[in-house]
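Take a look at the structure set out below.
The shown structure was predicted, so the numbers you read here are calculated from the model rather than taken from an experiment.
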Amino acid sequence: MTHNNSNIDNNDSAPSFTQLRSDGGDPSVRPPADREEPVGEPVVRSDPAITGQRAREAVEFDPTDPASITSAAQTVRAFSENTVGADDNVYILRGAAACAALVRGVGSYKQAVERAGGDVSISFVRKWARVHDLPQAIRRHVARGDIAPTAAKHIARVSGLDRLDLAWAVIDADLTVREVRRIASEVDNDTTAAEALAERGITVGSIELSLPIPLYRELRRRASVENRPPGQIVSNTLEDIFKTD
């Protein structure tokens, strides 16, 4: 099973931001499946389009600020004890941010657990810190409620582009948390997420689109005249727009 390599062991010092690559590859080249914003920055939680008026309440955890580290430790403990916001996805993302910032602020998972106190465990902090390290595109769906936080924990266990394929499958194929957990467990150096999904009859890349009627008519007309399936025309057009390889 391929995990998100944060390179932090129980007693190891935390890596710098430039070393954080989920696939263990060259840190100078970030894949799109990695988080790009600084750890603790409430990019998603502070977006009114996602959280509405609650965006004003978004808290940033700065791993270089002692006072912020103290706040992160208190948030992690409350989060682990489920004292408030148990069913609140935005609150859970805040707890995940606190876990990530606390680990980087104190230097190791072990010290983070000691700083938080209570019944906080290393596995708890590690799992939720990984969720915070997911790319913004996935975290936005978690905040919207499209991806359950418990499913996000399993998505975060895989690395590279597999995490994106698995995340979008949760939305497109309406995967359950149990299914996500099983698929994440099957992904390794020999099995991709797409292959594990295919074993269940789920094709990565299949998506249903709704178009304005004029665009729909023209797409159908061109597909017929050019003897091509509509999906191929859409794909070629998006390749030009997105500049994909």
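- A salt bridge is absent between E195 and R200: the closest approach of a Lys/Arg side-chain nitrogen to an acidic carboxylate oxygen does not fall below 4.0 angstrom.
- Here the CG atom belonging to L164 is positioned 9.0 Å from the CG atom belonging to L134, to the nearest 0.5 angstrom.
- Contact of the L102 side chain with the V125 side chain is not registered, since no non-hydrogen atoms from C-beta on lie closer than 4.5 Å.
- Residues L219 and V225 do not share a hydrophobic cluster, clusters being chains of Ile/Leu/Val/Met/Phe/Trp/Tyr side chains in contact below 4.5 Å.
- Atom CD1 in I233 sits 4.5 Å away from atom CD in E226 (nearest 0.5 Å).
- Hydrophobic cluster membership differs between V177 and L166, with clusters built from Ile, Leu, Val, Met, Phe, Trp and Tyr side chains linked at under 4.5 angstrom.
- Put simply, the side chain of R94 reaches to within 4.5 Å of the side chain of T75, judged on heavy atoms.
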Using salt bridge (charged side-chain N to carboxylate O under 4.0 Å, His left out), reason through R104 and D133 one step at a time and then give a plain yes or no.
CA-CA 12 Å; R104 284 156 178 78; D133 286 339; 3.1 Å; yes

Indicate every side-chain donor-acceptor pair of residues 203-217 with a distance under 3.5 Å to a residue at least two apart or in another chain.
none

Should V180 and V170 be marked as a side chain to side chain contact (heavy atoms under 4.5 Å, CB included) after you check the CA-CA gap, both sets of side-chain angles, and the distance that decides it?
CA-CA 7 Å; V180 175; V170 171; 3.5 Å; yes

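- The ring-ring contact (aromatic ring centres under 6.0 Å, His included) pairs that include a residue from residues 194-213 number zero, where partners must be two or more places apart or lie in different chains.
- When side chains are defined from C-beta on, I92 counts as touching W128, because their heavy atoms get closer than 4.5 Å.
- A side-chain donor from one of R140 and Q136 sits under 3.5 Å from a side-chain acceptor of the other.
- Listed by chain and residue number, D62 satisfy the side chain to side chain contact (heavy atoms under 4.5 Å, CB included) test with T64 (two or more places apart in sequence, or in another chain).
- Between F79 and V120 there is no side-chain heavy-atom pair separated by less than 4.5 Å.
- Considering CD1 of I155 and CD1 of I147, their distance stands at 4.5 Å, rounded to 0.5 Å.
- Contact annotation: the side chain of P230 approaches that of R220 to within less than 4.5 Å [non-hydrogen atoms, C-beta and beyond].
- From Q74, atom CD reaches atom CZ of R115 across 9.0 Å, with rounding to the nearest 0.5 Å.
- Checked against side chain to side chain contact (heavy atoms under 4.5 Å, CB included), S235 has the following partners two or more places apart in sequence or in another chain: E239.
- With S185 contributing its side chain and R181 its backbone, the two residues share a donor-acceptor pair below 3.5 Å.
- Proximity of P135 to R163: side-chain heavy atoms (C-beta onward) are separated by under 4.5 Å at one or more points.
- Considering CZ of R130 and SG of C99, their distance stands at 12.0 Å, rounded to 0.5 Å.
- Judged purely by atom type and a 3.5 angstrom limit, T191 has no side-chain atom pairing as donor or acceptor with the backbone of D188.
- Across N89 and A143, no two heavy atoms sit closer than the pair CB-O, 4.2 Å.
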Let me see the working for R182 and E186 under salt bridge (charged side-chain N to carboxylate O under 4.0 Å, His left out), right down to the final yes or no.
CA-CA 6 Å; R182 289 177 177 172; E186 295 173 10; over 6 Å; no

Before giving the answer on side chain to side chain contact (heavy atoms under 4.5 Å, CB included), spell out for R157 and V187 the whole-Å C-alpha distance, their side-chain angles and the decisive distance to 0.1 Å.
CA-CA 9 Å; R157 289 164 49 197; V187 176; over 6 Å; no

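- In this structure, T192 and D165 have side chains that are not in contact, with every pair of non-hydrogen atoms separated by 4.5 Å or more.
- Within the structure, every pair that satisfies the ring-ring contact (aromatic ring centres under 6.0 Å, His included) test and touches residues 134-156, not counting sequence neighbours, is listed here: H141-W168.
- For residues 169-180, there are no salt bridge (charged side-chain N to carboxylate O under 4.0 Å, His left out) pairs, not counting sequence neighbours.
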